[in-house]
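Here's the structure we're looking at; comments come further down.
Heavy atoms only: backbone and side chains are in, while hydrogens, waters and symmetry mates are out.
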Amino acid sequence: MSDSDLRGFYLRYMDEMNAHRVDRMHEFIADRTTLNGEPATRDDLIAVQKADVAAVPDLHWELKELLLDGDRLAARLVNTGTPVREWLGVPATGASFEITEYAIYQVRDGRFVHMTALHDAGELRRQLTG
């Protein structure tokens, strides 16, 4: 993919994620991939995404930076939301969060084959528990 194609691919992925259309992830994620270095299937990732959206119905990712390098891309995002049920081990309290996420991806044959994401879990818990 050219840089322009890769950028467009990622922006479409973000649009689908923000619309919570996880049923469209077959367009973006390979059948077999890795998530944070661990082997995973697309169905595994979709299950995680569905659980996240069920717990945080207003979950939103705002892209702040996108860097491209061949078949790899890196993104800096701001994630926001208000959990309505226990999420990441924290009971829902009505509190909202805003955290920075750093994500690195590798794309092959038009789909993600490696996905890694990092955010400050301590800061997330602090915001959700006060």
Side-chain angles (χ1 to χ4, degrees):
M1 295 177 111
S2 70
D3 282 359
S4 177
D5 291 339
L6 195 57
R7 179 179 302 279
F9 168 82
Y10 192 72
L11 293 176
R12 285 190 309 279
Y13 169 71
M14 285 281 78
D15 286 345
E16 296 299 332
M17 288 298 295
N18 281 321
H20 300 165
R21 289 189 289 258
V22 295
D23 57 320
R24 304 279 310 267
M25 290 302 108
H26 67 280
E27 298 175 25
F28 301 96
I29 302 170
D31 292 339
R32 297 211 172 277
T33 186
T34 61
L35 176 61
N36 297 323
E38 297 296 323
T41 66
R42 178 176 43 236
D43 289 342
D44 294 334
L45 292 171
I46 289 172
V48 169
Q49 292 168 338
K50 283 182 178 179
D52 287 345
V53 169
V56 188
D58 63 345
L59 186 57
H60 182 80
W61 296 264
E62 182 181 350
L63 181 63
K64 294 296 190 176
E65 282 184 275
L66 182 62
L67 304 172
L68 308 169
D69 182 22
D71 64 352
R72 294 184 179 272
L73 52 90
R76 181 175 63 87
L77 308 120
V78 172
N79 303 347
T80 57
T82 306
V84 297
R85 64 171 78 155
E86 182 176 313
W87 186 56
L88 302 176
V90 179
T93 62
S96 298
F97 66 88
E98 179 177 307
I99 58 168
T100 299
E101 175 185 345
Y102 297 94
I104 300 171
Y105 307 85
Q106 184 176 21
V107 177
R108 244 187 245 134
D109 299 324
R111 290 189 171 82
F112 295 123
V113 294
H114 299 292
M115 304 172 79
T116 301
L118 175 69
H119 64 267
D120 186 342
E123 176 61 17
L124 176 69
R125 282 190 179 90
R126 185 193 67 71
Q127 290 181 33
L128 292 178
T129 60

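- With sequence neighbours excluded, the residues that form a salt bridge (charged side-chain N to carboxylate O under 4.0 Å, His left out) with D31 are R42.
- Side-chain contact between T129 and T93 is absent, with no heavy atoms from C-beta onward closer than 4.5 Å.
- Evaluation of the side chain to side chain contact (heavy atoms under 4.5 Å, CB included) rule for R21 yields E16, A19, D23, R24 as partners, not counting sequence neighbours.
- For the atom pair L66 CG and L6 CG, the distance stands at 7.5 Å (nearest 0.5 Å).
- Partners of R32 according to the salt bridge (charged side-chain N to carboxylate O under 4.0 Å, His left out) rule, which considers only residues two or more places apart in sequence or in another chain, do not exist here.
- Scored by the side chain to side chain contact (heavy atoms under 4.5 Å, CB included) test, S2 finds S4, D5 as partners (sequence neighbours excluded).
- Atoms CD and OG1, on E123 and T100 in that order, are 9.0 Å from each other to the nearest 0.5 Å.
- Counting only N and O atoms by type, the side chains of H114 and T34 include a donor and acceptor under 3.5 Å apart.
- Judged as a salt bridge (charged side-chain N to carboxylate O under 4.0 Å, His left out), and not counting sequence neighbours, the contacts of K64 are E62.
- Of the candidates V107, N36, I29, M115 forms a side-chain contact (heavy atoms from CB on, under 4.5 Å) with just one, namely I29.
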Legend entry - L124 and I99: CA distance, side-chain angles, deciding distance, side-chain contact (heavy atoms from CB on, under 4.5 Å) verdict: CA-CA 7 Å; L124 176 69; I99 58 168; 4.2 Å; yes

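- Taken to the nearest 0.5 Å, the CG atom of L59 stands 7.0 Å off from the OG1 atom of T80.
- Here the closest non-hydrogen pair linking A92 and P83 is CB-O, 3.6 Å.
- Residue-environment remark: CG (D69) stays at or below the threshold of 12 foreign heavy atoms within 6.0 Å.
- Every residue meeting the ring pair (Phe, Tyr, Trp, His ring centres under 6.0 Å) condition with Y13, not counting sequence neighbours, appears here in chain and number order: Y10, F28, F112.
- In this structure the side chain of V56 never reaches within 4.5 angstrom of the side chain of D52, judged on heavy atoms.
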